[in-house]
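By convention in this document, chain letters (A, B, ...) are assigned in the order of the sequence lines, proteins followed by strands, and residues within each chain are numbered from 1.
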Protein chains: 2
Amino acid sequence: MSQFQTIKRTLQDQIESGLLTAGCKLPAERKLAELFDTTRITLREALVLLESEGVIYREERRGWFVSPPRLDYNPAERSHFHEMVRQQGRQPDTRLLDCQTLAANTEISRLLQLPALSRVHRVQRLRRIDQRPVLYVEHYLNPAPFPDILQHNLNGSLTEIYQQHYGVGYGRLRLQIYPTALTGEAAAALNVAQGSHGLLIIRVNYDQENRILDCDYEYWRHDAVCLLVDTAEF
Amino acid sequence: MSQFQTIKRTLQDQIESGLLTAGCKLPAERKLAELFDTTRITLREALVLLESEGVIYREERRGWFVSPPRLDYNPAERSHFHEMVRQQGRQPDTRLLDCQTLAANTEISRLLQLPALSRVHRVQRLRRIDQRPVLYVEHYLNPAPFPDILQHNLNGSLTEIYQQHYGVGYGRLRLQIYPTALTGEAAAALNVAQGSHGLLIIRVNYDQENRILDCDYEYWRHDAVCLLVDTAEF
DNA sequence: TTGTTCTTTTGGACTAGACCACATATTCAT
DNA sequence: ATGAATATGTGGTCTAGTCCAAAAGAACAA
């Protein structure tokens, strides 16, 4: 049993004993290294183990904190993100980061079944739970079925905009889900280091006539979400 | 741009150029540190970034290797793991690690809707693709509907055993999916370090009469799988 | 009291090793 | 030629710092 495994266990026991609750800050690395009579690098290895398990998370130059519970997230549920979060006793908010119309890359052309280099709208949003950024999304829409969609208030639910302004509801849903590292804009938006662990959910949403509505790239913090899928709902 | 980010990019370019293909071994850490004129710790930070992105993986005391492609895995598909893997041009194998009858813990009692501390069978298996361990599974079965199930050949498909010997087919499926760290037996079975990144899929399988068949804990290497879910199949 | 400046604190990044435990290759003995 | 013993190679772990960049807190000025 290595030293950092032992330290990790001690810290984990402290956290699980309830002395440190979600959002609590851990002592500084230098202080912990002193307490455990070891070097900072070794101490950090222990912290990284706990981070991997989703027990704690880091904020750059601010410290290490006890993680809140994961959000139970049913990707097939069409209720609004905010409603889902509130039902779990948490406080949601959403920020519109950017809207652009750009040429779709190969993958997005394929997902939306459009010719290569088609013009598509991209809507970038950041979702937070209890003021903590947890989800960075890029929505890609074919402009043709949705004239002037970018003029709407895109802070809210795209679902509602589709229904109320374009008379469109959801049908089929296709998902690809895999663990990945958060890089580029996703890492920056979520305020995590390049290369931090994440979960990517790529969605293709269809309407009731089985036409493609949009595709979304959802970059989640690895410690923030638990997906729930139940075939009885379909 | 930090030094290790620069090194990571250079290594990634090399790998993506096709010079190094899946399964190829990278030069040793000490050699790479020398090539990049840096220390081993800094060089390792670069390697860890690539590992996080699933580009490379490590084998303890053996070196770093270029990762093979992810398996496309539809959790709702009832075909056998081996068939699914072969259809993707890969070579599967399965090892039965252990069978035991033990008292179910609180979570498993809840998932199987059994009284606390009920006796359940636990079947532990390891799945490999092209000789690389990718999935460690713990199946938990209620013994009552399946007399003598442990006498069967549990290297193969549980699905087939249910159908051929007990006349039972699948119905509903419930999943919980989240990124986690691989610890304990999962890490050991997959031959990865304690705390390595993984994806946990907890399944509850029902039969056609909506009775619970079993629950499974699937611990996947984080870089080995891409889940596909399509509501049109349900 | 509020805003600005300075100081301290914090994690991020990096150096230069050392020793450990296991895997692999090489050498030696039969 | 084969098996055992030895040497080398590899990542794992750890020490003892150093300097950097940004956040937070404290002190000072208006």
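A heavy-atom distance below 4.0 Å to DNA chain D is reached by these residues of residues 39-47 of chain B, ordered by number: B:Arg40, B:Ile41, B:Arg44.
For the pair A:Tyr57 OH and C:dG11 P, the computed distance is 14 Å after rounding to whole Å. Atom P of nucleotide D:dC14 and atom CD of A:Gln3 are separated by 5 Å, given to the nearest angstrom. Atom CD of A:Glu59 is separated from atom C1' of D:dA21 by 17 Å (rounded to the nearest Å). Rounded to a whole Å, the CZ atom of B:Phe36 is 18 Å from the C1' atom of C:dT15. Following rounding to the nearest Å, A:Glu60 (CD) and C:dA13 (P) show an atom-to-atom distance of 6 Å.
Donor-acceptor pairing under 3.5 Å, judged by distance alone, is present between the side chain of A:Arg61 and the base of D:dA21.
Rotation axes derived from the C1' atoms of the five outermost pairs at either end of the helix from C:dT1-D:dA30 to C:dT30-D:dA1 lie 0° apart, to the nearest 10°.
A cation-pi geometry, defined here as NZ or CZ lying under 6.0 Å from the six-membered ring centre and within 45° of its normal, does not hold between A:Arg44 and A:Phe4.
By the side-chain contact (heavy atoms from CB on, under 4.5 Å) test, A:Pro133 pairs with A:Leu126, A:Arg128, A:Leu190, sequence neighbours left out.
Results of the side chain to side chain donor-acceptor pair (under 3.5 Å) test with B:Gln12 over B:Lys8, B:Gln14, B:Arg9 single out B:Lys8 as the only residue that passes.
With B:Asn105 contributing its side chain and B:Glu107 its backbone, the two residues share a donor-acceptor pair below 3.5 Å.
Base contact: B:Arg30 has a heavy atom under 4.0 Å from a base atom.
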CA sep, side-chain torsions, deciding dist, call: A:Asp93, A:Arg132, salt bridge (Lys or Arg N to Asp or Glu O under 4.0 Å): CA-CA 9 Å; A:Asp93 70 81; A:Arg132 180 178 175 237; over 6 Å; no
